[in-house]
Each structure stands twice: as C-alpha cells, then as structure tokens.
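Handing you this structure, nothing more for now.
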Number of protein chains: 2
Amino acid sequence: MKSHLLTYSDFTEEEIAQVLYHFEEKRFKKKDFIIRTGQIDRYQYFISHGCVRGYIVDYNGKEHNIAFRFEEFWFGDMESFTNNTKAHYNYQALEDLTVLAISKTNWDKISNEIPAFVEYSRNLFRNAMISQQNRIAKHLMQTAEQRYEQLITEHPHVLQRISLKNIASYLGVTPEFISILRKKVAKK
Amino acid sequence: MKSHLLTYSDFTEEEIAQVLYHFEEKRFKKKDFIIRTGQIDRYQYFISHGCVRGYIVDYNGKEHNIAFRFEEFWFGDMESFTNNTKAHYNYQALEDLTVLAISKTNWDKISNEIPAFVEYSRNLFRNAMISQQNRIAKHLMQTAEQRYEQLITEHPHVLQRISLKNIASYLGVTPEFISILRKKVAKK
DNA sequence: GTAATTTCTTGAACTACTTCAAGAGTATTG
DNA sequence: CAATACTCTTGAAGTAGTTCAAGAAATTAC
C-alpha cells in the first residue's frame with residue numbers, strides 16, 4: 001500500500017503513516033460478498049491478497065462481469081460510495097481475500113487533511129477513466145475472438161486464476177462460445 | 001465555466017480568476033479536427049459552444065465513435081495529454097465550435113498552485129470513470145435495440161444534433177441496422 | 001439553384017454469436 | 001471417498017446484427 005501511494009503522488013513519511021492509520025484490515029472467504037447490489041457501499045477496498053469480480057445482474061437474472069481486481073488494486077462501487085446511493089454492482093471474492101478498507105468518513109477526512117491524497121486519488125481516477133475508455137473502444141472495434149486473443153496474450157496470468165465462465169461473462173459472450181474460440185485459437 | 005468550477009469544488013473568487021486566466025479561447029469550423037490520432041494532445045478543451053465527436057479508427061479503416069461532447073463538457077485525449085504520448089483518438093467538430101483550451105503547462109501550474117483545482121479535476125475524473133463503467137455494463141447487458149431505445153428516451157436532444165450514422169457508430173452497430181431499429185421502435 | 005456529395009432506407013444473403021440439451025471432466029462437501 | 005455440484009465441451013437450430021448493392025432524400029457547395 002505504501003509503495004502504491006508513492007507511485008501516484010508525493011507523500012512525506014508522516015503523511016503516509018497518517019493515511020495508513022485510517023485503514024482497517026478485513027478478511028473474506030472465497031465466494032463471500034464484499035458489496036451487494038441495493039446496499040450502500042461505505043468503504044473502498046485495497047487488495048493485499050486474493051482477487052474479486054465485480055458484476056451486475058440484468059432483468060433476466062443473468063450476471064455480467066464488469067471487472068476483476070487483483071493484489072495492489074482498489075475496488076468498490078464508487079458511485080454508491082460517493083453519493084450514498086444504492087450500489088449497482090456486486091463484488092464477490094473469487095479467492096480468500098485480505099483487504100485494507102477505508103470508510104467514507106476517513107476517506108473524506110484524509111482528503112481534507114492531506115492534499116497529496118487528493119492528488120493520489122485524482123491520478124487513480126484518471127487512470128481508471130482512461131482504461132475504461134480504452135475498454136469501450138475495444139468492445140466497439142473488436143470481435144469476441146479478437147478480445148479473447150488479446151486477453152490471453154496481454155494478461156495470461158488472468159487465465160490461471162479466473163474460470164472460463166467468468167472470462168466469458170467479462171468478454172460479453174457465453175461460455176459455450178468461449179469453448180469454440182479456444183478450439184479455434186488452439187489450431188493456430 | 002465559472003459555474004462549472006463551483007459545482008465540483010470550492011473556489012474563492014480570486015482562485016476562479018486565476019484559473020480562468022490560464023485558458024485561451026479557440027474557434028473551429030464544422031468538420032475541423034481538434035485532435036488527431038498519432039499526434040500529441042497538448043490541451044484539454046471545455047466547450048462553450050458547439051459539439052464534437054471522439055472516435056478511433058480500426059485496422060479495417062472503420063471509424064468507431066467513443067464519445068460525443070456538448071456545451072459545458074470537457075474533452076481531450078487524457079492519456080496523450082497526461083503522458084505526452086501519441087493520441088489514440090480523433091476529436092472532430094460536428095458543428096462550429098468555441099472552446100476554452102488549457103495547455104498542459106498551465107494545467108500543471110494550476111494544479112500545483114490551487115488545491116481546489118486538484119479536487120475539481122478529481123471529481124470530474126471520478127464522474128467520468130463512473131459513467132464509463134456504467135456504459136460498459138450497458139453494453140454487456142443490453143441488445144442494440146435496448147441501447148437505442150434508452151438513448152432516445154434519456155437523451156432525446158442528442159438525436160437533434162447527431163446524425164444517425166454517428167449514433168450507429170456510437171452504439172456499436174451499422175447505419176443499416178439503425179434503420180431497422182427505427183422502423184421497429186416507430187411501430188410501438 | 002442546380003450539381004455533387006452525403007445520409008438514410010430497403011432487401012437479400014451471410015456471419016458471429018446464442019440457446020438448449022446432454023455428457024464428460026473437475027472441484028467441493030460431508 | 002462417495003455424492004453433489006459446478007465447469008467445460010459438443011452439436012444442432014435459431015437470432016441479432018453485418019455486408020453489399022442500389023435508390024431516395026437531404027445537405028453542402030459552387
């Protein structure tokens with residue numbers, strides 16, 4: 001966490017200590033829910049160990065993965081957290097999970113006291129915004145086959161930890177179609 | 001612009017004057033390019049009048065609209081602007097356009113001098129991140145027909161100003177298919 | 001104000017992807 | 001370690017959306 005803070009803004013040792021003081025460690029078991037649709041998300045979570053998926057459920061009850069998050073990444077339903085509204089997304093542990101959690105109260109407190117933290121979070125949001133934008137562009141430009149190939153070449157470690165069913169949902173296709181793609185790609 | 005600053009953070013009158021001082025007004029004609037793929041985007045743009053589309057070109061030379069921006073909104077290739085790298089996206093005026101432009105140099109200067117500006121931009125990025133996330137979710141959940149219907153009910157003004165061809169590209173379908181959808185929706 | 005260009009529509013043939021059903025393989029649980 | 005429950009695969013039939021070609025309608029340009 002400390003090194004993560006320093007890569008996105010300049011903190012003094014004292015500021016770092018002050019920031020870290022406002023986090024609490026939490027643990028979850030595989031398959032536990034950290035955030036559920038309809039509830040208010042009062043924390044942001046920084047993963048120290050494990051991984052999670054974020055997903056949304058459509059009117060037919062079908063689940064759609066919008067994100068996977070691994071060690072050294074943040075997750076949370078930012079809209080719910082910011083506006084105290086009901087969360088649109090669910091976040092579920094895909095492995096046993098250890099996180100550093102920060103409450104909204106502490107988040108706001110640190111934001112007021114430590115300008116470097118505002119800059120840190122600005123940089124995080126900017127990067128997130130950029131990568132979401134790029135993801136949208138890829139969805140518009142590429143077929144499912146291209147998205148799958150790009151995923152396995154650019155993020156091969158993801159396949160070690162995430163089931164094909166979950167990958168399929170993230171890519172926006174059915175598990176059956178991922179099977180077909182796998183056969184195709186294997187032939188090349 | 002002034003009222004926009006105030007809705008996203010607390011500025012003193014003096015700070016507002018200081019921020020505004022670092023913008024320059026620029027004008028473009030309909031169809032002009034403000035940002036082109038491959039060039040470095042050295043400005044961020046706040047629209048005072050007109051609208052633009054952001055798009056990316058795929059390997060087949062096909063264009064894909066990733067965004068439309070109207071009055072009182074920002075645009076720019078944030079990745080290029082931040083890292084001084086080549087822009088992935090093109091931004092083109094869809095109408096005669098007047099913008100307030102801020103250079104990277106001035107952006108960084110204001111960020112160092114005015115904490116409220118860092119908070120302002122953090123809030124912008126956060127909102128952008130949230131709406132991109134929601135857009136991805138909609139793409140995963142909805143058919144093109146549902147996305148089209150939602151667009152015309154939630155943003156009917158968009159249809160007054162944007163051609164169907166450009167809407168089609170934004171929704172991720174062909175213009176021909178938008179025609180089909182329009183007939184379907186008209187029947188209801 | 002007419003020519004030139006672009007946008008929108010229509011229809012027929014095609015492709016990427018889904019749905020459903022069923023079986024094999026792999027984890028998880030008591 | 002047997003029972004249960006997921007995950008992954010296969011195939012056949014179906015659907016959402018594409019491609020291509022061509023014409024009508026609307027905009028732009030000289």
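Chain identifiers are assigned alphabetically (A, B, ...) following the order of the sequence lines, protein sequences preceding nucleic acid strands; residue numbering begins at 1 within each chain. The structure presented is a predicted model; accordingly, all values stated were derived computationally and were not measured.
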If you take the centroid of each ring, where Trp contributes its six-membered ring, are Tyr43(B) and Trp107(B) closer together than 6.0 Å?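 So the answer is no for these two rings.
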Does a side-chain N-to-carboxylate-O contact under 4.0 Å join Lys31(A) and Glu95(A)?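 So Lys31(A) does not pair with Glu95(A) through a salt bridge.
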Nucleotide N/O to protein N/O under 3.5 Å, stretch nucleotides 26-30 of chain D:
unit_1, atom_1, unit_2, atom_2, d
dT28(D), OP1, Lys30(B), NZ, 3.0

Give the rounded distance in Å between these two atoms: CD of Glu176(B) and P of dA24(D).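 Result: 17 Å.
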Show which residues join Val57(B) in its hydrophobic cluster (side-chain heavy-atom contacts under 4.5 Å, direct or indirect), or state none.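 Hydrophobic cluster check, Val57(B): joined to Phe33(B), Tyr55(B).
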Please confirm whether the ring centroid of Phe46(B) lies under 6.0 Å from the ring centroid of Phe23(B).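 Between Phe23(B) and Phe46(B), which both carry aromatic rings, the centre distance is not below 6.0 Å.
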What's Ser179(A) touching, base or sugar-phosphate or nothing? Going by heavy atoms closer than 4.0 Å.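 Ser179(A): base contact, heavy atoms under 4.0 Å.
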Drop me the distance from His139(A)'s NE2 to His139(B)'s NE2, to the nearest 0.5 angstrom.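 Reported to 0.5 Å precision, the distance equals 8.5 Å.
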Interface limits on DNA chain C, where chain A has a heavy atom under 4.0 Å of a nucleotide atom: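 Footprint of chain A along DNA chain C, 5' to 3': dC17(C) to dT28(C).
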Other members of the hydrophobic cluster containing Phe73(A), with the 4.5 Å side-chain heavy-atom rule, please.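 When side chains under 4.5 Å apart are linked, Phe73(A) ends up in no cluster with other residues.
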Where do Glu15(A) and Phe11(A) come nearest, in terms of heavy atoms and distance?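 Scanning both residues completely, I find the closest heavy atoms to be OE1-CA, 3.4 Å.
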Expressed as a whole number of angstroms, how long is the span from Leu94(A):CG to dC6(D):P?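 Leu94(A) atom CG is separated from dC6(D) atom P by 15 Å.
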With a 4.0 Å cut-off, would you call Glu145(B) and Arg147(B) a salt bridge?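 Answer for the salt bridge query: no.
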Check Asp96(A) with Lys29(A), please: is the shortest side-chain N to carboxylate O separation under 4.0 Å?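 Yes, Lys29(A) and Asp96(A) are salt-bridged.
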Does Lys26(B) qualify as a cation-pi partner of Tyr45(B), given the criterion of NZ or CZ under 6.0 Å from the six-membered ring centre and within 45 degrees of its axis?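 That pair does not qualify as a cation-pi contact.
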How far apart are the closest heavy atoms of Asp77(A) and Ile35(A), and which atoms are they?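 What the structure gives for the nearest pair is N-CD1, 3.7 Å.
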Between the first and last five pairs of the helix from dG1(C)-dC30(D) to dG30(C)-dC1(D), the angle of the axes, rounded to 10 degrees: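 Inter-axis angle at the termini of the helix from dG1(C)-dC30(D) to dG30(C)-dC1(D): 70°.
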Counting just side-chain N and O atoms, does Lys62(B) come under 4.0 Å of either OP1 or OP2 of dT19(D)?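 Checking Lys62(B) against dT19(D): at least one side-chain N or O falls below 4.0 Å of OP1 or OP2.
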Counting only side-chain nitrogens and oxygens, does Arg182(A) get under 4.0 Å of the OP1 or OP2 atom of dT9(D)?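 Answer is yes, contact under 4.0 Å.
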Atom CD1 of Ile167(B) and atom CZ of Arg161(B): how far apart are they, to the nearest 0.5 Å?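 That separation rounds to 12.0 Å.
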At a cut-off of 3.5 Å, list every protein nitrogen or oxygen paired with a nitrogen or oxygen from nucleotides 12-17 of chain D, distance to 0.1 Å.
unit_1, atom_1, unit_2, atom_2, d
dG17(D), OP1, Ala144(B), N, 3.0

Are the side chains of Gln133(A) and Tyr89(B) in contact, using a 4.5 Å heavy-atom criterion?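 SC-SC contact between Tyr89(B) and Gln133(A) confirmed.
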